[in-house]
Peer 1: 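Quick one: the structure is below, and I'll ask about it shortly.
The shown structure was predicted, so the numbers you read here are calculated from the model rather than taken from an experiment. Proteins come first, then strands; the chains are lettered A, B, ... in the order of their sequence lines, and each starts at number 1.
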Number of protein chains: 2
Amino acid sequence: MLKKERQAFIIKEINLHNKVLSSDLSMALDVSEDTIRRDLNELALEGRVVKVHGGALSKSYQMAAVQADTYAYEKKEIIAMKTLKLFKDGMVILTSGGTTMREIAKRLPESLQVTFFTISPLIALELAEHPKADVILLGGQLSNASKVTIGAEVVQKISEIKADICILGINGMDLDGITDSDYEIVQVKKAMIKASKQMIIPTISEKLNTALRYKVTPTADIDCLITELSPLHDTIQPYLSQVKLVL
Amino acid sequence: MLKKERQAFIIKEINLHNKVLSSDLSMALDVSEDTIRRDLNELALEGRVVKVHGGALSKSYQMAAVQADTYAYEKKEIIAMKTLKLFKDGMVILTSGGTTMREIAKRLPESLQVTFFTISPLIALELAEHPKADVILLGGQLSNASKVTIGAEVVQKISEIKADICILGINGMDLDGITDSDYEIVQVKKAMIKASKQMIIPTISEKLNTALRYKVTPTADIDCLITELSPLHDTIQPYLSQVKLVL
DNA sequence: CTTAAAAATGCAGGTATTTGCCTGTTTTAA
DNA sequence: TTAAAACAGGCAAATACCTGCATTTTTAAG
């Protein structure tokens with residue numbers, strides 16, 4: 001077997017599996033691991049693969065990892081635009097925290113006249129930039145990790161509100177229901193759902209079909225599910241029958 | 001599974017759920033928790049995640065550290081250091097907003113164990129970075145201009161607190177008293193003073209000898225006045241007889 | 001076809017990295 | 001205050017790596 005042939009095989013293998021192990025290739029091609037290593041080093045030098053300890057990864061794999069900070073930015077933008085269409089003048093909107101909600105807050109149209117209740121200081125500050133929006137920050141103990149207010153006082157305050165819609169950021173959701181990993185936050189979210197006529201869930205599709213420790217609410221209670229995907233997309237199909245409206 | 005692969009998985013998981021637990025990852029990836037810890041430490045070192053006890057958090061969830069260069073930064077730093085000397089373990093501290101207060105919050109010693117009540121979401125978020133500080137955000141309508149919560153609800157909540165000290169950011173002050181230009185905020189500040197055993201005023205000297213529309217409280221009620229100047233400085237002299245303690 | 005130069009390969013050894021386990025300590029939560 | 005969980009640092013086994021060198025293969029010119 002020629003060297004070029006061998007390297008072509010390696011590239012093919014990487015394109016297929018996004019990674020290769022030196023040991024596997026050594027077996028498959030029946031050459032010493034040293035030879036494989038030399039091949040991988042050459043390919044890495046040409047920039048065709050990314051060499052790592054034990055084997056190599058595809059270039060695209062590495063790229064995805066690098067631009068992780070702009071993770072899902074475009075998706076969240078799409079979701080934000082879809083969500084904003086549901087806002088009408090005079091509405092009372094109850095919202096949790098999360099980066100998706102923040103994207104929504106940033107894009108709030110100037111002309112819109114709505115009242116926001118929120119448990120997130122960050123979202124509150126973002127909304128405060130808006131000239132016509134009324135922003136009420138729900139006070140309470142500030143959670144160190146998630147940077148939203150939690151505790152009995154918040155739950156109590158929320159119970160006194162009658163909101164038109166509540167925008168709930170989520171961390172996990174499957175056909176069974178919405179789940180979260182923080183017990184305190186679950187309590188607050190439950191109160192938010194109870195206080196609102198409609199529940200809207202904006203989320204990137206990746207969070208679908210994942211479950212966390214604590215249940216927030218069954219999927220059937222969702223009034224509107226908003227993802228970056230078309231409602232016709234395969235991933236969304238199972239949810240169509242459960243959720244009233246999917247955007 | 002290659003190390004890079006594993007770390008990419010962790011990053012993806014964090015972007016998805018905003019946080020991960022070492023134990024969960026250990027299960028999911030079928031490696032020891034030690035290995036996960038090492039991965040998280042590496043990723044934290046690269047600044048890709050924020051390591052916490054038990055797992056890691058998403059970086060974006062941390063404060064957007066877009067440091068707007070605060071006016072009179074050095075002066076406020078001096079004031080902050082002086083003010084921090086008054087903080088003792090176990091104290092309940094009531095604070096308003098303002099950039100000076102923010103500098104204080106940033107410099108809070110790691111070891112200090114105190115409870116903060118604040119009307120400023122910004123201060124609250126800053127304090128939330130502190131591992132031992134308990135932060136309670138006083139909820140209410142968010143003032144568009146000053147970015148603190150105001151209104152009857154806030155005043156009511158403050159009246160229920162018994163604080164050891166209150167740190168009051170000010171806008172104007174002369175020998176006659178502390179003044180402010182926003183009526184709503186004056187109401188809140190009055191409530192804060194009433195709810196606290198001691199009133200501490202940290203301010204840059206520029207604000208001394210200026211007066212605004214509404215009176216908050218007479219100068220004689222101040223327990224401690226803190227400026228960037230020495231108490232021996234000419235500007236401070238007239239206040240020495242009125243204020244209990246000047247730093 | 002022969003043969004010398006160049007390239008590629010395998011091997012030996014010594015080094016470096018990764019990982020799991022163990023210890024004792026710190027942190028957290030009840 | 002205490003018990004459980006998480007942590008840090010060190011150790012050791014396994015694996016991967018690199019360097020230099022001898023051997024084989026390929027190449028190409030005579």
Peer 1: So, B/Lys82 and B/Glu77, do they make that salt bridge, N to O below 4.0 Å?
Peer 2: no
Peer 1: Rounded to whole Å, how long is the line connecting atom CD of B/Glu5 with atom C1' of C/dT19?
Peer 2: 16 Å
Peer 1: Please tell me if B/Lys51 has a side-chain N or O lying less than 4.0 Å from either OP1 or OP2 of D/dC7.
Peer 2: yes
Peer 1: What is the distance, rounded to the nearest whole Å, between atom CD1 of A/Ile36 and atom P of C/dT9?
Peer 2: 9 Å
Peer 1: Show me the side-chain donor-acceptor pairs of residues 149-158 of chain B shorter than 3.5 Å, one per line, residues at least two apart or across chains.
Peer 2:
| residue | atom | partner | partner atom | Å |
| --- | --- | --- | --- | --- |
| B/Thr149 | OG1 | B/Ile119 | O | 3.3 |
| B/Thr149 | OG1 | B/Leu138 | O | 2.8 |
| B/Gln156 | NE2 | B/Glu160 | OE2 | 2.8 |
| B/Lys157 | NZ | B/Glu160 | OE1 | 3.4 |

Peer 1: Among residues at least two apart in sequence or on other chains, which ones pass side-chain hydrogen bond (donor to acceptor under 3.5 Å, both in side chains) with B/Lys19?
Peer 2: none
Peer 1: For A/Arg6 and C/dA7, give me the distance from atom CZ to atom P, rounded to whole Å.
Peer 2: 16 Å
Peer 1: Heavy-atom distance under 4.5 Å between the side chains of A/Leu175 and A/Tyr239, does that happen here?
Peer 2: yes
Peer 1: Just to confirm, is there a sub-4.0 Å distance from OP1 or OP2 of D/dC17 to any side-chain nitrogen or oxygen of A/Ser22?
Peer 2: yes
Peer 1: Among D/dC7, C/dG20, C/dT9, which is the nearest nucleotide to the side chain of B/Arg37?
Peer 2: D/dC7
Peer 1: Does B/Glu42 pair with B/Arg38 as a salt bridge, N-O distance under 4.0 Å?
Peer 2: no
Peer 1: Starting at CG of A/Asp39 and ending at P of D/dC18, how long is that distance when rounded to a whole Å?
Peer 2: 13 Å
Peer 1: To the nearest Å, give me how far apart CE (B/Met1) and P (C/dT19) are.
Peer 2: 11 Å
Peer 1: Nearest whole angstrom, please: distance from the C1' of D/dA8 to the CD of B/Glu42.
Peer 2: 15 Å
Peer 1: Salt bridge check: are B/Glu126 and B/Arg102 linked by an N-O gap of less than 4.0 Å?
Peer 2: yes
Peer 1: Report yes if the side chains of A/Ser96 and A/Ile167 come closer than 4.5 Å at any heavy-atom pair, otherwise no.
Peer 2: no
Peer 1: Compare side-chain N and O positions of A/Asn41 against OP1 and OP2 of D/dC17 and report whether any pair is under 4.0 Å apart.
Peer 2: no
Peer 1: Grab the CG-C1' distance between B/Leu25 and C/dG20 for me, whole Å please.
Peer 2: 17 Å
Peer 1: What is the distance, to the nearest angstrom, from the NZ atom on B/Lys3 to the P atom on D/dT15?
Peer 2: 18 Å
Peer 1: Does the protein touch nucleotides 21-30 of chain C at the base, only the backbone, or not at all? Give it as B, S and - per nucleotide, heavy atoms under 4.0 Å.
Peer 2: BB----SS--
